[in-house]
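First up is the structure itself, then whatever we jot down about it.
Residue numbering restarts at 1 for every chain, and letters A, B, ... go by the order of the sequence lines. Model, not experiment: these values are computed from the prediction.
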Amino acid sequence: MHHWLFKTEPHAYSFEQLRADRITPWTGVRNWQARNNMKAMEVGDLGFFYHSSIAQPCAVGICRVVKNAYPDFTQFDVQSEYYDATSRKERPKWYMVDVEYVEPLEHPVTLAQMRAEPRLDGMVLLRRGRLSVQPVTSREWEIVLGLAQQQ
DNA sequence: GCCAACGTTGGC
DNA sequence: GCCAACGTTGGC
């Protein structure tokens with residue numbers, strides 16, 4: 001099993017919303033690296049749910065991949081802000097997975113906390129901040145879970 | 001709201 | 001295929 005991190009602006013889609021929806025398709029990813037990360041996901045993989053673009057950016061919860069990568073329907077929807085006129089149905093450019101609500105972290109783990117933790121030095125979140133769907137190593141996963149249990 | 005980082009686009 | 005210009009993300 002692999003671990004991941006899903007970044008979202010809570011104004012656009014929050015962990016609370018996922019709790020209400022239970023499952024959501026992770027639409028709108030328009031970055032090749034993030035897309036490739038989703039293609040590498042397998043059903044059952046767990047991810048951190050991360051809230052960005054707020055005063056205290058932080059990981060707030062855990063979610064689970066419940067459907068392997070499949071074409072993101074919003075790329076074909078002219079009404080959608082994610083519409084991509086260059087993508088064709090026979091050969092879709094953009095993929096998404098379905099993620100399911102699992103549970104909140106005991107305490108949110110802020111970006112500042114993660115930066116302050118030397119063992120997380122190599123974390124993609126700290127190195128390539130802009131990538132919206134990221135791999136997390138098993139070691140990093142455990143360390144962040146540990147931080148979530150502190151205060 | 002600013003702006004650094006960095007991904008993408010397009011001219012050559 | 002390089003790289004300058006441009007656009008976007010996201011922390012602060």
* Asked: Within the structure shown, what part of the strands sits under 4.0 Å from A:R127 by heavy-atom distance: base, sugar-phosphate, or nothing?
  -> sugar-phosphate
* Asked: Can you list, by residue number, the residues of residues 83-92 of chain A that have a non-hydrogen atom closer than 4.0 angstrom to DNA chain C?
  -> none
* Any side-chain heavy-atom pair of A:D84 and A:T74 under 4.5 Å -> no
Listed pairs, N/O of protein and of nucleotides 8-12 of chain C, under 3.5 Å:
| unit_1 | atom_1 | unit_2 | atom_2 | d |
| --- | --- | --- | --- | --- |
| C:dT8 | O2 | A:R130 | NH1 | 3.2 |
| C:dT8 | O2 | A:R130 | NH2 | 2.8 |
| C:dG10 | OP1 | A:K7 | NZ | 2.9 |
| C:dG10 | OP1 | A:R130 | O | 2.9 |
| C:dG11 | OP1 | A:Y50 | OH | 3.0 |
| C:dG11 | OP2 | A:S53 | N | 3.0 |

* Asked: Do the charged groups of A:R30 and A:D72 touch, with an N to O distance under 4.0 Å?
  -> yes
* Asked: Are A:D45 and A:W4 close enough that a side-chain donor and a side-chain acceptor fall under 3.5 Å?
  -> yes
* **Residue pair A:F15 / A:E103: nearest heavy atoms and the distance that separates them** => CZ-O, 3.4 Å
* Heavy-atom pair of closest approach, residues A:M114 and A:L126 -> O-CD1, 3.8 Å
* To do: Return the value, rounded to whole Å, for the distance between atom CD of A:Q134 and atom P of B:dG7.
  => 12 Å
* When A:F6 is tested against each of A:Y50, A:Y101, A:W26 for ring pair (Phe, Tyr, Trp, His ring centres under 6.0 Å), which residue passes? -> A:W26
* To do: Verify, without hydrogens or angle tests, whether A:R139 (side chain) and A:L120 (backbone) share a donor-acceptor contact under 3.5 angstrom.
  => no
* Asked: Between A:S53 (side chain) and A:E9 (backbone), is there a donor-acceptor pair under 3.5 Å?
  -> no
